[in-house]
Amino acid sequence: ASATLVVKFAPAASGSGIPEVKTILNGFYLPEVATARTLCIKVPGLILAVASGMCLGHEGPMVHVSVCWANLLSRLSPQYQHEGKRRELYSAAVAAGVRAALGTPP
């Protein structure tokens, strides 16, 4: 079910998302990687994949989801309209995604 969602609606949501996030943090522009559409497919896909009991890591998709949220929220503040500041926000989102995936205390 999760594969069907990804193939039909958001191919950018495929895979773990770590290579795409690293590419964005290195300064490249990937337009479809951190969009609301990707987020809306990645979250249910992650839930379905983990709930199925498959032996897979959820850390990569959690990082991708956190960067998607950071991208959406950065559009609300004029402070993050500069690409350098937005990448700083993405770096913080990566740290938050890893923290959420591993369940570490604050």
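Looking at heavy atoms from C-beta onward, S74 lies in side-chain contact with N71 at the 4.5 angstrom threshold.
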I'd like a table of donor-acceptor pairs (distance under 3.5 Å, sequence neighbours excluded) in which one partner is a side-chain atom from residues 19-26, with atom names and distances.
residue: T23; atom: OG1; partner: P19; partner atom: O; Å: 2.8
residue: N26; atom: ND2; partner: K22; partner atom: O; Å: 3.1

Show which side-chain atoms of residues 6-16 pair as donor or acceptor with protein atoms under 3.5 Å away, not counting sequence neighbours.
residue: S14; atom: OG; partner: P11; partner atom: O; Å: 3.0
residue: S16; atom: OG; partner: I18; partner atom: N; Å: 3.2

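When all heavy atoms are compared, the tightest approach of A34 to C68 is CA-SG, 3.7 Å. The heavy-atom pair separating L89 from A70 by the smallest distance is CD2-O, 3.6 Å.
Placement of L5 and V33 in two distinct hydrophobic clusters is found when ILVMFWY residues are connected by side-chain heavy-atom separations under 4.5 Å, directly or transitively. Hydrophobic clustering places L48 together with I41 (ILVMFWY residues linked when any side-chain heavy atoms are closer than 4.5 Å, directly or through intermediates). In terms of hydrophobic clustering, with Ile, Leu, Val, Met, Phe, Trp and Tyr side chains grouped at heavy-atom distances under 4.5 Å, L30 and V63 are assigned to a common cluster. Side-chain heavy atoms closer than 4.5 Å link hydrophobic residues (I, L, V, M, F, W, Y) into clusters, and following such links, possibly through other members, connects L72 to V65.
Residues meeting the side-chain contact (heavy atoms from CB on, under 4.5 Å) test with T104, sequence neighbours left out: R99, L102. In this structure Y80 satisfies the side chain to side chain donor-acceptor pair (under 3.5 Å) test with no other residue, sequence neighbours excluded. Annotation: side chain to side chain donor-acceptor pair (under 3.5 Å) contacts of T38 (sequence neighbours excluded): T35. Q79 meets the side-chain contact (heavy atoms from CB on, under 4.5 Å) test with S77, K85; sequence neighbours excluded.
Residue pairs meeting the side-chain hydrogen bond (donor to acceptor under 3.5 Å, both in side chains) criterion with at least one member in residues 48-68, sequence neighbours excluded, are K42-H64.
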